[in-house]
Undergrad: 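Have a look at this one before I ask anything.
First listed ligand is number 1; within each ligand, the first listed atom is number 1. All heavy atoms count here, side chains included; hydrogens, waters and symmetry mates do not.
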Amino acid sequence: MAVISLEKITKRYEHIQAIHGIDLHIEDGEFVAFVGPSGCGKSTLLRMIAGLEEISGGLLRIGDEVVNHLEPSEREIAMVFQDYALYPHMTIAENIAFGLKMKNNDREDTRQRVEEIAKMLQLSHLLARKPGQLSGGQRQRVAMGRAIIRRPRAFLFDEPLSNLDAKLRVDMRIQIKRLHALLKTTTIYVTHDQVEAMTLADRVVILREGRIEQVGTPMEVYNHPVNKFVAEFIGSPQMNMLEVEVQQLTGGPVLKFGRCEIPLRSVEAEHGTRLLMGIRPEHLEPPRFGVRSERIPLPALADVIEPLGSDTLALCRVEEQELTARLTPGRVSQPGDFVELSIDPAQIHLFDDNGALVPFTHLDGGLHTPFLYSAEYSQQQIARHS
Ligand SMILES: Nc1ncnc2c1ncn2[C@@H]1O[C@H](COP(=O)(O)OP(=O)(O)O)[C@@H](O)[C@H]1O
Ligand SMILES: [Mg+2]
């Protein structure tokens, strides 16, 4: 097992700079996911760590050792690919054992390790078969077994589940997580799927055009995105972005859109500045049963309704803009319905034209008169606004 550290790592292909100076420290035993849109450099970065791609600049350390010029086999790390790369003419047992056989490992020890790993991955009953006789999920587990048997210092995964169907992907995700809990081997997992990254990793590294946008635990990047790109990339359905105008009034600043006004204590933007206000779909539902709150009522008209069972997604029109709300089933039943939405200023994010975060402070309970949320109140609001 090992720490992996990247210091100012760059990669230049002939005409493009694919990676622009990445600094990252991965702890021993940590599970880190690289996530970002297609082409952002995830595979390039992973392949440089594996030794399959030359590093153009910077230092890569595994353990205490600089490994920039070591061959892949000398790095003692194992890579699991999307296209399982199994040997079709060998049995599953032979495929799993392959790495050890190449090292002339003791036969009895190899046999024991294959059995142990097959048990761990629920492959024991398939050891005599050939890869062609296995399902996609089973083949993926064999590929993992082949990596595990070598007892590498780290596992590198490049979109290992993208060829599997949705249900199997969820099963495999759980398997991978369980395996990591068991083996505690440092793991780097590349995916374009933010759900996979969030559910698997201790820390998520969000990449864009060869640069790190943010590194944090899943909850950190979800609750405190550092810019608009991260705010929109993490979370599904994605964070709503409403256009608002800052008004610095004598009574304090407000964010204005249409006839709605959200009072703040302070915001680092001049009077008249247009900003984007981010708010997650699940933060738009008014709390039930008259909870005292600082929430600002938002009169909305349902446009498209998507019942998911556990909750309902409602695409709504609010003051000439669109947003998606995640609601308790029953809150809204058909398109054209008025929906009671509300915004808690503590749950918004503000971004400028460049997508950078704009700092602000919301009102504390002491300064702002709380109101008791009620159906009558929101209906009055809707009546007033329509
Ligand atoms: N062998 C290569 N030669 C030239 N450009 C490449 C090569 N491999 C990747 N790239 C480019 O580097 C960038 C990052 O690619 P990649 O790491 O594959 O992205 P991702 O895995 O995030 O989808 C892309 O612009 C891609 O076109
Ligand atoms: Mg890739």
Side-chain angles (χ1 to χ4, degrees), residues 4-24 26 31-60 62 67-72 75 77-86 136 139-140 143-144 147 154-166 168-169 172-173 176 186-201 203-216 218 221 225-236 238 355:
I4 299 177
S5 92
L6 286 68
E7 203 181 310
K8 301 197 167 47
I9 293 288
T10 60
K11 176 67 186 182
R12 189 163 182 88
Y13 291 113
E14 266 165 60
H15 299 292
I16 53 161
Q17 185 81 26
I19 299 291
H20 301 261
I22 298 265
D23 290 303
L24 182 68
I26 299 170
F31 194 125
V32 167
F34 292 172
V35 67
S38 180
C40 69
K42 306 179 293 290
S43 296
T44 300
L45 203 51
L46 198 72
R47 292 171 61 82
M48 286 195 286
I49 297 169
L52 302 172
E53 200 73 70
E54 202 182 315
I55 297 172
S56 307
L59 289 178
L60 172 66
I62 300 177
V67 299
N68 287 47
H69 301 294
L70 290 190
E71 291 296 317
R75 297 187 187 192
I77 54 188
M79 184 138 170
V80 181
F81 297 92
Q82 177 191 110
D83 45 12
Y84 324 112
L86 302 180
R139 283 206 291 270
Q140 185 57 268
M144 275 159 51
F155 290 122
L156 309 182
F157 291 92
D158 194 350
E159 312 244 8
L161 309 184
S162 21
N163 288 344
L164 307 179
D165 68 43
L168 203 50
R169 259 198 328 259
M172 286 303 296
R173 216 162 72 194
I176 290 174
T186 311
T187 300
I188 306 177
Y189 188 100
V190 160
T191 176
H192 65 276
D193 178 349
Q194 57 97 16
V195 174
E196 227 168 80
M198 296 282 280
T199 51
L200 279 168
R203 278 193 306 156
V204 177
V205 177
I206 298 151
L207 294 162
R208 177 199 196 184
E209 293 173 9
R211 292 187 170 85
I212 293 183
E213 294 285 301
Q214 187 167 6
V215 181
V221 298
V226 295
N227 56 33
K228 178 168 170 272
F229 176 82
V230 174
E232 290 186 311
F233 191 78
I234 301 292
S236 172
Q238 74 176 36

Undergrad: Suppose we measure from atom 4 (C) of ligand 1 to each protein heavy atom; which comes out shortest, and what is that distance?
TA: Tyr13 CG, 3.3 Å
Undergrad: Please state which protein non-hydrogen atom is closest to atom 24 (C) of ligand 1 and give its distance, to 0.1 Å?
TA: Gly39 O, 3.7 Å
Undergrad: So which heavy atom in the protein is nearest atom 26 (C) of ligand 1, and how far is it from that ligand atom?
TA: Ile16 CD1, 4.2 Å
Undergrad: More than 12 heavy atoms of other residues, nucleotides or ligands under 6.0 Å from CD of Glu54: yes or no?
TA: no
Undergrad: Could you check whether Glu196 and Tyr189, counting side-chain N and O atoms only, form a donor-acceptor pair closer than 3.5 Å?
TA: yes
Undergrad: Identify the two heavy atoms, one from Lys42 and one from Pro37, that lie closest to each other, and give their separation to 0.1 Å.
TA: NZ-O, 3.1 Å
Undergrad: Output, in order, the C-alpha distance, side-chain angles, deciding distance and verdict of side-chain contact (heavy atoms from CB on, under 4.5 Å) for Leu45 and Ile9.
TA: CA-CA 9 Å; Leu45 203 51; Ile9 293 288; 4.2 Å; yes
Undergrad: Mind checking whether Gly41 has a heavy atom under 4.0 Å from ligand 1?
TA: yes
Undergrad: Could you confirm whether Ser38 has any N/O/S atom lying under 2.8 Å from the Mg ion (ligand 2)?
TA: no
Undergrad: List every atom of ligand 1 that sits less than 4.0 Å from any heavy atom of Thr44, numbering the atoms from 1 in the order shown and giving each element.
TA: 14 (C), 15 (O), 16 (P), 17 (O)
Undergrad: Could you give me the CA-CA distance, side-chain angles and deciding distance for Glu232 and Lys228, then say whether salt bridge (charged side-chain N to carboxylate O under 4.0 Å, His left out) is met?
TA: CA-CA 6 Å; Glu232 290 186 311; Lys228 178 168 170 272; 3.5 Å; yes
Undergrad: If you have a sec, work out which protein heavy atom is nearest atom 21 (O) of ligand 1 and how many Å separate them, to one decimal?
TA: Ser43 OG, 2.8 Å
Undergrad: Specify whether Phe155 and Phe157 have parallel, tilted or perpendicular ring planes, treating 30° as the upper limit for parallel and 60° as the lower limit for perpendicular.
TA: tilted
